[in-house]
Amino acid sequence: YSTLFLSYSDADRNSMHTALADEAYLIGPAASQQSYLAMDKIMQVAKKSAAQAIHPGYGFLSENTEFAEMCKQEGIIFIGPPSSAIRDMGIKSTSKYIMSAAGVPIVEGYHGQDQSDQHLKKEAARIGYPVMIKAVRGGGGKGMRIAQNEKEFLEQLESARREAKK
């Protein structure tokens, strides 16, 4: 029999999953930066509860290489992929290369070193419109734009770049 330890924020104080947990620990206010993304607080709860493993949920810390490494260093099992896989899948050009090398069908695109506006515009014309523009490190849908035609391309490219920096 294993015990379910749960960390929760003020927003989830009265939620069903908090009530059903064997033990529940408040980790902070509703703002995720001060609760569900606060790695040190979550690790303190894990140690206090003598947890053997952490399932980070979906989103939040589930794609955070630093948190996966922190769990490893503390001797707590991270229920999820290893930090190297999280890192590689977070860099879209790397992830597409890995998938292609493994024989997984991928959507055609350009992943080369020349990221100049004119070269990217030329590659978009080669692929054919509409094209999706995706910033290499823009996670969670950030830095993703559709250019329906050549006339929209540079505007959408710049928009994707700006958003990915946020």
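Source: prediction; values computed, not measured. We count residues from 1, following the sequence as given.
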Is the shortest heavy-atom distance from the side chain of [X] to the side chain of [Y] under 4.5 Å?
X	Y	answer
Asp88	Ile98	yes
Glu123	His111	no
Phe67	Leu37	no
Ile42	Met70	no
Phe153	Asn149	no
Leu26	Arg13	yes
Ile54	Ile77	no
Ile133	Met144	no

Stepwise salt bridge (charged side-chain N to carboxylate O under 4.0 Å, His left out) test for Glu108 and Lys96: CA-CA 10 Å; Glu108 185 177 358; Lys96 281 192 90 166; over 6 Å; no
Main-chain N/O of Pro29 paired with Ser35 side-chain donor or acceptor, under 3.5 Å: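 Checked: pair present.
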Inter-residue atom distance Gln34.CD - Asp10.CG, 0.5 Å rounding: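 So the CD of Gln34 and the CG of Asp10 are separated by 10.0 Å.
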Donor-acceptor pair between [X] and [Y] side chains, under 3.5 angstrom:
X	Y	answer
Thr18	Ser15	yes
Tyr8	Asn14	no
Ser159	Arg145	yes

Geometric class of the Tyr25/Phe5 ring pair [parallel <30°, tilted 30-60°, perpendicular >60°]: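 The rings of Phe5 and Tyr25 sit tilted, inter-plane angle from 30° to 60°.
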Parallel, tilted or perpendicular, as decided by the 30° and 60° cut-offs, for the rings of Phe60 and Tyr36: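 Plane angle between 30° and 60°, so tilted.
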Basic-acidic side-chain contact under 4.0 Å: Asp117, Lys122: no
Ion pair Glu69/Arg87, N-O distance below 4.0 Å: no
For [X], I'd like to know if atom [atom1] has over 12 heavy atoms of other residues, nucleotides or ligands within 6.0 Å.
X	atom1	answer
Gln33	CD	no
Tyr97	OH	no
Gln115	CD	yes
Glu23	CD	yes

Ser116 to Arg161 - nearest heavy-atom pair and separation: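 Of all heavy-atom pairs spanning Ser116 and Arg161, the closest is C-NH2, 4.5 Å.
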Joint hydrophobic cluster, [X] plus [Y], side-chain heavy atoms closer than 4.5 Å:
X	Y	value
Leu4	Met16	no
Met89	Ile91	no
Leu154	Val131	yes

Asn64 and Met39: CA distance, side-chain angles, deciding distance, side-chain contact (heavy atoms from CB on, under 4.5 Å) verdict: CA-CA 10 Å; Asn64 186 304; Met39 295 184 286; 3.9 Å; yes
side-chain hydrogen bond (donor to acceptor under 3.5 Å, both in side chains) contacts touching residues 39-52 (sequence neighbours left out): Lys47-Glu74
